[in-house]
Number of protein chains: 2
Amino acid sequence: MAEADTRTRILEAARRLFHEQGYGATGVATILREAGVHPGSLYHFFRSKEELLAGLLEYYPSLFAPIVSRPIEAAEKEAVERVFALLAFYRKGLEESGCRLGCPIGNLALEVSDNHPEVRPLLERNFAMWSGTVAGWLARARLRRGTDLDRLARFVLAVMEGAVMQARGAGSLAPFDAAVAELRRHFDLLQERAGASRARRRKR
Amino acid sequence: MAEADTRTRILEAARRLFHEQGYGATGVATILREAGVHPGSLYHFFRSKEELLAGLLEYYPSLFAPIVSRPIEAAEKEAVERVFALLAFYRKGLEESGCRLGCPIGNLALEVSDNHPEVRPLLERNFAMWSGTVAGWLARARLRRGTDLDRLARFVLAVMEGAVMQARGAGSLAPFDAAVAELRRHFDLLQERAGASRARRRKR
DNA sequence: TGCGGACTTGAATGATCGCTCAAGTCCGCG
DNA sequence: CGCGGACTTGAGCGATCATTCAAGTCCGCA
């Protein structure tokens, strides 16, 4: 892990620190220390702190499939349950960090989108990949006629981000669980009279 | 407006600047300039920038009723429509700012909750007041038996915050509208076979 | 008239910010 | 061997950061 190439070490340090403290609150000096790198090296690969952020937002999508979506696809075959496994993934992150660590993209989206408009397309690409994955899963689900899958996937993303935000604000998982439970209800209603058959639901 | 007392002028300047640029990205010097105040005055009322933030989070709830909830209650009598009028309020804020200005509390929640844990209770109080208002409205709605109003209100808040976040990231209202449309569908399903009567729906 | 506390003034502080750059190391290729 | 480009080193830049404080103004009350 320490023998990764310099650029990747910088990105990994920035990823962790931006996630934990935010973009503005993280000084370049801290990134340098954590990455074990000197200023000149960082500024060899990235012209500015802002370009480092852009590099990170281009780096994120390459992590999503191996770390998030593929393990879920391997462990859970049923479409709707995959969505809730994805939410459970974020819940676990909250739980293990005492409701401190949420969605790294979401944090950056709110902090950075105004002051650095040039990263907006990169934020949107991350959101689009996330909701696109969910929409792909849901294509296999039996839902009410007329369900717009992209819209539903955007909705799931909104619920996740809003639920994470409330949990971080409250320092408690309760609002997260409440939002997810209500989302479950929405899916129940969407499946209720979907195809008449196969009301396959889960144990837990 | 300029003749408000000093403490309020500082809070108003901080409110606007934190909303537009975020907490970390806003320098104390900028707040001082916008408020037309000298450093000593600010530090007379607030011991630190962080206490100013806390003061702001205590100040916010006093704005919610007169600016947000009461006008909605006056203009819209039907419970569920009040919820969507509230969402339309945030949509208007996004639209008028080119998808830059979202929910001020949500921004602060993500930026600040980790690094300044002592403001967490204040964030939660703001969220609780928001969702409490929504839950109060929904008490008059005819929804499916077994609907948990607090849970549903937390869900609405999550959708709103997540939808605002996506709109700001994308620089477009489309994801916001998508999430709200799906939330409308959820309410439609909750009302569908609620009390059999009074399926009062709206024109627009 | 004079005292005291609330509030204002504004220069100054040390720390930290993002960033630069000249010098140097290293390695592949001729 | 020798050239050139990729990358590293690390001291140091000016700017800005949040904050301090001694001095001063103002006003209600005695």
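Only heavy atoms go into these numbers, but all of them, side chains included; no hydrogens, no water, no symmetry mates.
A/R151 and B/D177 are not joined by a salt bridge, as no carboxylate oxygen comes within less than 4.0 angstrom of a charged side-chain nitrogen. Looking at A/E73 and A/R82, no side-chain N of the basic residue comes within less than 4.0 Å of a carboxylate O on the acidic one, giving no salt bridge.
Among the atoms of the strands shown, none is found under 4.0 Å from any heavy atom of B/T30. Among the protein residues, B/G27 comes within range of the sugar-phosphate backbone only, with heavy atoms under 4.0 Å from sugar or phosphate atoms but none that close to a base.
In this structure, B/L53 places its CG atom 14 Å from C1' of D/dA18, rounding to the nearest Å. Atom C1' of nucleotide D/dT8 and atom CG of A/L32 are separated by 12 Å, given to the nearest angstrom. Atom-to-atom, NE2 of B/H44 to C1' of C/dG10 comes out at 17 Å; the value is rounded to the nearest Å. When rounded to the nearest whole Å, the span between CD1 of B/I10 and C1' of C/dC7 equals 11 Å. Atoms CZ (A/F45) and C1' (D/dG5) sit 13 Å apart, rounded to a whole Å. Atom CG of A/L42 is separated from atom P of C/dC17 by 14 Å (rounded to the nearest Å). The distance between atom OH of B/Y43 and atom C1' of D/dC21, rounded to the nearest whole Å, is 13 Å. Between the CD atom of B/E51 and the P atom of D/dA18 there is a distance of 16 Å, rounded to whole Å.
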Exercise. Evaluate side chain to side chain donor-acceptor pair (under 3.5 Å) for A/S41 paired with A/R7, printing each intermediate quantity in order.
Key: CA-CA 8 Å; A/S41 293; A/R7 205 187 114 101; over 6 Å; no
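Side-chain contact check for A/Q191 and A/R142: no donor-acceptor pair (N or O, by modelled atom type) lies under 3.5 Å.
When the side-chain nitrogen and oxygen atoms of B/H38 are compared with OP1 and OP2 of C/dT8, none of them lie within a distance under 4.0 Å. Distances shorter than 4.0 Å separate none of the side-chain N or O atoms of B/T6 from OP1 or OP2 on C/dC7.
The listed nucleotides are D/dC17, C/dG18, C/dT8; the one nearest the side chain of B/S41 is C/dT8.
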